[in-house]
Structure formats: C-alpha cells, structure tokens
Amino acid sequence: MGTVPTRRPGQSSALTASRHVLRRWISLRPGVYLPLARWKNDHTALGEQTELLVDGFTRSAGTFAAIAFQFAQNDHVRVAHHMHAAAAMVMAARRGVPALLTVREPEPTILSAAVREPGIPLTQWLKTYVAFYERIRPFRSGFVVGAFEEVTTDLGAVIRRVNERFGRAFRSFEHTEQNVEAVFALIDERAEGPPWQPHLNRFVSGLISLDQYRAATERYRLEGRRPAIPELRVQRPTAERRAAKEELQAAYRGPSLAPLRAAAERAYAGLASPAPGDRRSEGRG
C-alpha cells in the first residue's frame, strides 16, 4: 500500500515521481542546489543580499510565515523563501545568515503535500521528509524553529526569537484577525498566478514593499480580474482538500509504511525540540 501513487488509478506519473527523487538528491547538496536555484529565480534563492531565510519542508506554513513577515515589515527586507531545500538551511547556518525554519508533524505535512502534488508515492514523500529533517539536524543551533501551530497563531513571538538570536530588529507581526485575513488574501493572490504572482513574489523577496505591491496591482482589482484557484491548490483548508486527505490517510497509516513513519517522527522530534540556549527551553515564547 505504501507504494501506491497518491493519484487515483490511471493518474499516476512515473516521470513525476522520478523528478521528485532527483530533486531530493539535489536539494540536500548546497554546492549543487543553490547555483541551480539562483539560475532559476535569483531573488528567491539564498544569496549575498539575503537578510533572512524563511523556509521549511513544503506545506509547513512557510508561505504564511514569509508573507506575514513582509506584511509586518512593509519595507525592502531581502528574504530568501520557497526553496523547500535542506541545502539552503545548511548554507545559511554555515554563513551565519538569520534563518527561520518552519516545521510541521509528518502526517499532516505529507498528506497535504500528496494532495497538492499528486503522482508522487507516499513512500517517496516520507523519504524526502526524513532526508530534509535529518540533513539539517546537525545545524539546529544555526536557525530559529517555528512550529506550524505557533507560526499560524503567534508569528510575532517567532520573529522576536529571530531578533534575539541574530541581533536584528525586524518588526513583529501582530496576529489580529484583520491582519491574518489580509495575509490570506495575499496568499490567495499568489495562488491565482498572473497578473498578481510576479509582483507578489517580488514583494515576498523584499524587492518591493507591501504598499508598492498594492500600487502595482491596483488596476487588476479595479478591472475585477480574479482567476479561479483550483480547489486542491488553495492554501487554506477546504472541504475538497479535507476529503482528499481523508482518502489518503488510510494508506499513510498502513502497516507497510510503519518504519518510514517512525523515522519521520524521530526526524521531526529532533528538530522540534529546543536547541541549547533556545529561549523556548527557558519557558519564554
């Protein structure tokens, strides 16, 4: 059961799964991954101008963290984001670049990823999850960890830990209902794609401020150009995504995946635990 692709019968893709395996290999190696990432999209990749790296395994609240962070700054803070690659976190730790890692328990992470990117077997998602967490575990003291639940309910506390750890003065995100809704509106615009996405990606990278993003996209709002977002790619929970996850859950919890599930739980625990000197270990934040 563990090797059954996450697409329904007739929809599996051997090519998609093979690409996933290749990307996993590349994403663990900074010397290979980072030059390719910069070639593909220089302003989102870790580089010389990066002031903060915000990253994590896919579906771990990295999008919310990056957009909410920039929402709070409304400035030109250069942020590397959306790489979902251990290589970036390793290099940031080696260079002393401020970094925030978002983490999430394996089951909800992998089920969400499998729904969003069908065609990849659950076994491969589990192997990639384990590889990501184990690769960066030795560098745990080099970045701040924000658990999914904390990032999505009190990102301000996480930003304050970043400031304490790296001696920065980033503005905290005020977790009000109004601010959260504004961030989710930006996330939806990013998911819609053009005409918003190029501008929004520049905003998340810190090339333009929030005010500049809104000015650049105002005419699209006035024209009412709002493309529909496919249900399975919407960032916030929907009934269709919940149903798809429930369909996969039995396969995920099957006996054949027990060893990989255990490895994933150990890998998560190794990073979610406070590092020596982490203010959370002192009961703060």
Side-chain angles (χ1 to χ4, degrees), residues 19-63 65-66 69 77-106 109-110 113 124-148 151 158-159 161-168 170 204-206 260 263-278 280-281:
R19 286 175 174 170
H20 180 88
V21 173
L22 176 60
R23 187 190 188 283
R24 178 172 67 222
W25 186 91
I26 292 172
S27 70
L28 300 176
R29 294 161 171 81
V32 179
Y33 174 81
L34 288 171
L36 291 174
R38 294 182 191 119
W39 171 77
K40 181 179 180 181
N41 199 342
D42 182 59
H43 66 75
T44 66
L46 181 70
E48 296 299 325
Q49 295 181 314
T50 299
E51 297 175 68
L52 176 68
L53 168 64
V54 179
D55 209 5
F57 195 84
T58 186
R59 316 307 294 166
S60 299
T63 296
F69 174 85
V77 179
R78 293 301 301 272
V79 171
H81 57 96
H82 286 97
M83 286 177 282
H84 307 309
M89 199 62 58
V90 169
M91 186 57 73
R94 287 174 175 171
R95 293 180 177 176
V97 177
L100 166 60
L101 173 75
T102 61
V103 299
R104 189 182 188 187
E105 294 178 343
T109 303
I110 291 167
Q124 294 302 332
W125 276 121
L126 277 162
K127 288 178 180 179
T128 301
Y129 183 99
V130 172
F132 178 93
Y133 279 72
E134 288 187 345
R135 179 70 176 92
I136 62 180
R137 178 69 181 90
F139 302 89
R140 173 64 182 80
S141 62
F143 45 84
V144 168
V145 171
F148 180 91
V151 167
V158 182
I159 294 174
R161 289 207 301 275
V162 171
N163 287 338
E164 292 172 0
R165 168 65 180 80
F166 296 103
R168 296 299 190 270
F170 299 130
V204 181
S205 298
L260 279 173
E265 293 289 350
R266 288 193 300 270
Y268 171 79
L271 274 177
S273 301
D278 192 318
R280 289 181 302 162
S281 65

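We number each residue from 1, following the sequence as shown.
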Separation of Arg78 CZ from Ser205 OG (nearest 0.5 Å)
6.5 Å
Using ring centroids (six-membered ring only for Trp), state whether Tyr129 and Tyr133 fall under 6.0 Å.
yes
After noting the C-alpha distance and the side-chain angles of Val103 and Phe148, does the key distance pass the side chain to side chain contact (heavy atoms under 4.5 Å, CB included) rule?
CA-CA 6 Å; Val103 299; Phe148 180 91; over 6 Å; no
With a cut-off of under 6.0 Å to the ring centre and 45° to the axis, is Arg29 in cation-pi contact with Trp25?
yes
Go through the steps to decide whether His84 and Ser27 satisfy the test side-chain hydrogen bond (donor to acceptor under 3.5 Å, both in side chains), and finish with yes or no.
CA-CA 8 Å; His84 307 309; Ser27 70; over 6 Å; no
Drop me the distance from Met91's CE to Thr50's OG1, to the nearest 0.5 angstrom.
12.0 Å
Nearest-0.5 Å distance, OG1 of residue Thr44 to CG of residue Asp42
8.0 Å
Working to the nearest 0.5 angstrom, can you tell me the gap between Arg24 CZ and Ile26 CD1?
12.0 Å
Do Leu100 and Leu53 have side chains that approach each other closer than 4.5 Å (heavy atoms only, starting at C-beta)?
no
Would you say that Phe132 contacts Ile136 through its side chain, given a criterion of any heavy-atom pair below 4.5 Å between the two side chains?
yes
Is any side-chain heavy atom of Leu126 less than 4.5 Å from a side-chain heavy atom of Ile110?
yes
In Å and rounded to the nearest 0.5 Å, what is the CD1 to CZ distance from Ile159 to Phe170?
9.0 Å
Is there a side-chain contact between Gln124 and Lys127 (heavy atoms, below 4.5 Å)?
yes
Check whether any side-chain heavy atom of Asp55 lies under 4.5 Å from a side-chain heavy atom of His82, and answer yes or no.
no
How close do Pro30 and Val90 get, heavy atom to heavy atom, and via which atoms?
CG-CG1, 4.1 Å
Arg104 (side chain) donor-acceptor with Arg59 (main chain) under 3.5 angstrom:
yes
Scanning both residues in full, the closest heavy-atom pair of Leu34 with Leu46 reads CD2-CB, 4.2 Å
With a 4.5 Å cut-off on side-chain heavy atoms, are His43 and Gln49 touching?
no
Main-chain N/O of Val144 paired with Arg161 side-chain donor or acceptor, under 3.5 Å
no
Candidate pair Phe143 and Arg165, rule side chain to side chain contact (heavy atoms under 4.5 Å, CB included), full reasoning
CA-CA 8 Å; Phe143 45 84; Arg165 168 65 180 80; over 6 Å; no
Closest non-hydrogen atom pair, Pro106 against Glu265
CG-OE2, 3.5 Å
Separation between CG (Leu36) and CZ (Arg23), nearest 0.5 Å, reads 10.5 Å
Mark yes or no for whether Arg168, through its side chain, and Phe166, through its backbone, hold a donor-acceptor pair below 3.5 Å.
yes
For Ala65 and Val151, work out which heavy atoms get closest and say how close.
CB-CG1, 3.8 Å
Atom of Arg135, atom of Leu28 and distance for their closest heavy-atom approach
NE-O, 2.9 Å
Report yes if some heavy atom in the side chain of Phe57 is under 4.5 Å from a heavy atom in the side chain of Tyr268; otherwise report no.
no
Step by step, would you call Arg137 with Arg140 a side chain to side chain contact (heavy atoms under 4.5 Å, CB included)?
CA-CA 5 Å; Arg137 178 69 181 90; Arg140 173 64 182 80; 3.4 Å; yes
Should Met83 and Lys40 count as side-chain neighbours, where that means a heavy-atom distance under 4.5 Å?
no
Show the nearest heavy-atom pair for residues Ala87 and Tyr33, with the distance to one decimal.
CB-CB, 3.8 Å
Yes or no on side chain to side chain contact (heavy atoms under 4.5 Å, CB included) for Thr109 and Ser60, after CA distance, side-chain angles and deciding distance?
CA-CA 6 Å; Thr109 303; Ser60 299; 3.9 Å; yes
